[in-house]
Amino acid sequence: MTDEQVQPTELRERKSKKPFYFNTSEHLLRIGREKATNLSQLLEGLRRCPGDSVFQHTFRTLQEHHFIRRGFSNDFAHWALSACNEPALAERLASVDVREFTSIEDLRQSLVQVLEDYGQHNPDAAVREADEPFHFCASDIVVLPTTFVPDTLPGFADGLRRVSIHSIHHHFIEARLRLKLMSNDFSQWLLEEMGLPDAARAVNHIDIYTVTMENVRQQIVRILERALQ
C-alpha cells in the first residue's frame, strides 16, 4: 500500500504501538590519540582512528556547518585548505558525499582513497608541515528526553514544530551512526509505526548538505501535512 491509498482521516486517527520519543542530546568532545601535522599523517590517522571519529569529522561537522554556513562541511576538507593550503585536495575531500554511504568503513575508505591519490601525485605536499595540527576527535553523547511523546501523526507533526533544532539534529543526523547510516529516526517511525513508506523515503532524501536544521524541520512538516490532507 502506498501513502496515497491511506485516507487522511484514517491517518489522523491512527495510533502507533510505540510512540515517538523526541530526545535531544549534548556532545562532550573527546580528543583522541591520533593527530596529524601533514597530509601523510592525516592519511595514516584516518586509516587507524575509530569509526566514531570518522563520523565526528563528517556527519557531526554538519551541525556546526549548518549554524555558521562557511567553509567545507567536513573537517578533513577544511583542514586541507586552512592548514595545508591545498584547495584542490580540499575540494576533492568535500566532494565525498556522505549520503551515498551505508557504512562508516566504506566512507573511511573513500576518504583514504582521495588522500592516497593526492599524495601519490603531490609527494611534496604530502609531507609539508601544516600550519596547525589536525586532532582526531569523537564525541560522548548525553541523551536528554523532552516532553514530546506523540503516538499519532498530527501529534508527531506538532512535536516537530515545537522541539529545538538540537532535537532535530539528534534524530535526523545522530541517528545515522546508530542505524548504520541507512536512515534516520523520523523515517524509521513513519515506516514502522505509521506505515508510510513514501513519506519515510521523502524525509530520508532531504538534502543534509544544502539546508539548515530549521529547513529540515520545515521540509519534514510539509511532507506530513501533505500526507494528512
Side-chain angles (χ1 to χ4, degrees), residues 1-6 8 11 14 16-25 51-52 54-67 73-74 94-108 110-111 139 141 143 146 148-229:
M1 179 179 290
T2 65
D3 295 6
E4 288 78 9
Q5 293 173 299
V6 183
L11 273 181
R14 180 184 296 174
S16 63
K17 293 181 180 178
K18 296 180 180 179
F20 188 92
Y21 290 85
F22 279 98
N23 293 320
T24 186
S25 59
D52 189 39
V54 178
F55 191 85
Q56 172 71 38
H57 294 296
T58 53
F59 281 94
R60 288 195 182 110
T61 304
L62 286 169
Q63 182 176 25
E64 180 181 352
H65 179 65
H66 285 150
F67 289 135
S73 60
N74 78 64
S95 71
V96 175
D97 190 342
V98 298
R99 296 168 299 180
E100 297 178 355
F101 297 91
T102 57
S103 159
I104 286 291
E105 291 309 310
D106 288 345
L107 174 56
R108 183 205 303 271
S110 183
L111 294 165
S139 292
I141 302 173
V143 179
T146 74
F148 301 100
V149 190
D151 61 359
T152 66
L153 200 60
F156 181 65
D158 183 59
L160 277 165
R161 294 185 187 99
R162 298 171 65 186
V163 296
S164 73
I165 56 174
H166 299 288
S167 180
I168 303 295
H169 185 274
H170 174 78
H171 291 293
F172 193 68
I173 301 294
E174 284 294 328
R176 295 171 190 268
L177 182 59
R178 175 166 39 80
L179 298 173
K180 309 300 181 185
L181 310 190
M182 292 293 290
S183 188
N184 62 85
D185 287 341
F186 301 136
S187 291
Q188 289 288 100
W189 191 80
L190 289 169
L191 177 63
E192 296 175 1
E193 298 300 325
M194 288 288 105
L196 295 173
D198 296 340
R201 192 177 305 111
V203 169
N204 202 42
H205 285 168
I206 292 173
D207 190 341
I208 58 178
Y209 277 117
T210 61
V211 299
T212 65
M213 284 296 105
E214 187 58 45
N215 294 143
V216 168
R217 180 210 306 273
Q218 293 167 6
Q219 289 190 46
I220 298 174
V221 169
R222 284 197 294 270
I223 291 168
L224 300 182
E225 288 174 342
R226 286 196 296 270
L228 289 166
Q229 287 176 354

Can you list the residues that meet the side chain to side chain contact (heavy atoms under 4.5 Å, CB included) rule with [X], with sequence neighbours excluded?
X	value
R161	A157, D158, V221, E225
S139	H27, L29, Q56, R60
E100	D97
R201	P197, D198, H205

Is there a side-chain contact between [X] and [Y] in this structure, where contact means two heavy atoms from C-beta onward sitting under 4.5 Å apart?
X	Y	answer
F156	L160	yes
I220	V216	yes
R226	I223	yes

Please name the pair of heavy atoms, one in [X] and one in [Y], separated by the smallest distance, quoted to 0.1 Å.
X	Y	result
P150	W189	O-CZ2, 4.1 Å
S25	H170	OG-ND1, 3.1 Å
N74	T58	CB-CA, 4.1 Å

With sequence neighbours excluded, tell me which residues meet side chain to side chain donor-acceptor pair (under 3.5 Å) with [X].
X	result
Q188	E192
N184	S187, N204
E214	R217
T146	none

Do the side chain of S167 and the main chain of N23 share a donor and acceptor less than 3.5 angstrom apart?
yes
Ignoring hydrogens and angles, tell me if any N or O in the side chain of E193 forms a donor-acceptor pair with the backbone of K17 under 3.5 Å.
yes
Partner set under ring-ring contact (aromatic ring centres under 6.0 Å, His included) for F55, not counting sequence neighbours
F59
Spacing of [X] atom [atom1] and [Y] atom [atom2] [to the nearest 0.5 Å]:
X	Y	atom1	atom2	answer
D207	N215	CG	CG	10.5 Å
M194	L11	CE	CG	8.0 Å
L191	F186	CG	CZ	15.0 Å
M182	S103	CE	OG	11.0 Å
L153	L228	CG	CG	4.5 Å
I168	T24	CD1	OG1	9.5 Å

Are F20 and F148 close enough, and set up right, to give a side chain to side chain contact (heavy atoms under 4.5 Å, CB included), and what steps lead you there?
CA-CA 8 Å; F20 188 92; F148 301 100; over 6 Å; no
Steps toward side chain to side chain contact (heavy atoms under 4.5 Å, CB included) verdict (I173, I208)
CA-CA 8 Å; I173 301 294; I208 58 178; 3.8 Å; yes
Contact list for residues 178-187, test salt bridge (Lys or Arg N to Asp or Glu O under 4.0 Å), sequence neighbours left out
R178-D185
Partners passing salt bridge (Lys or Arg N to Asp or Glu O under 4.0 Å) against D151 (at least two apart in sequence or in another chain):
none
Among E174, H169, R176, whose side-chain contact (heavy atoms from CB on, under 4.5 Å) with F172 holds?
R176
For the pair L107 and V54, evaluate side chain to side chain contact (heavy atoms under 4.5 Å, CB included) and give the outcome as yes or no after the intermediate values.
CA-CA 8 Å; L107 174 56; V54 178; 4.2 Å; yes
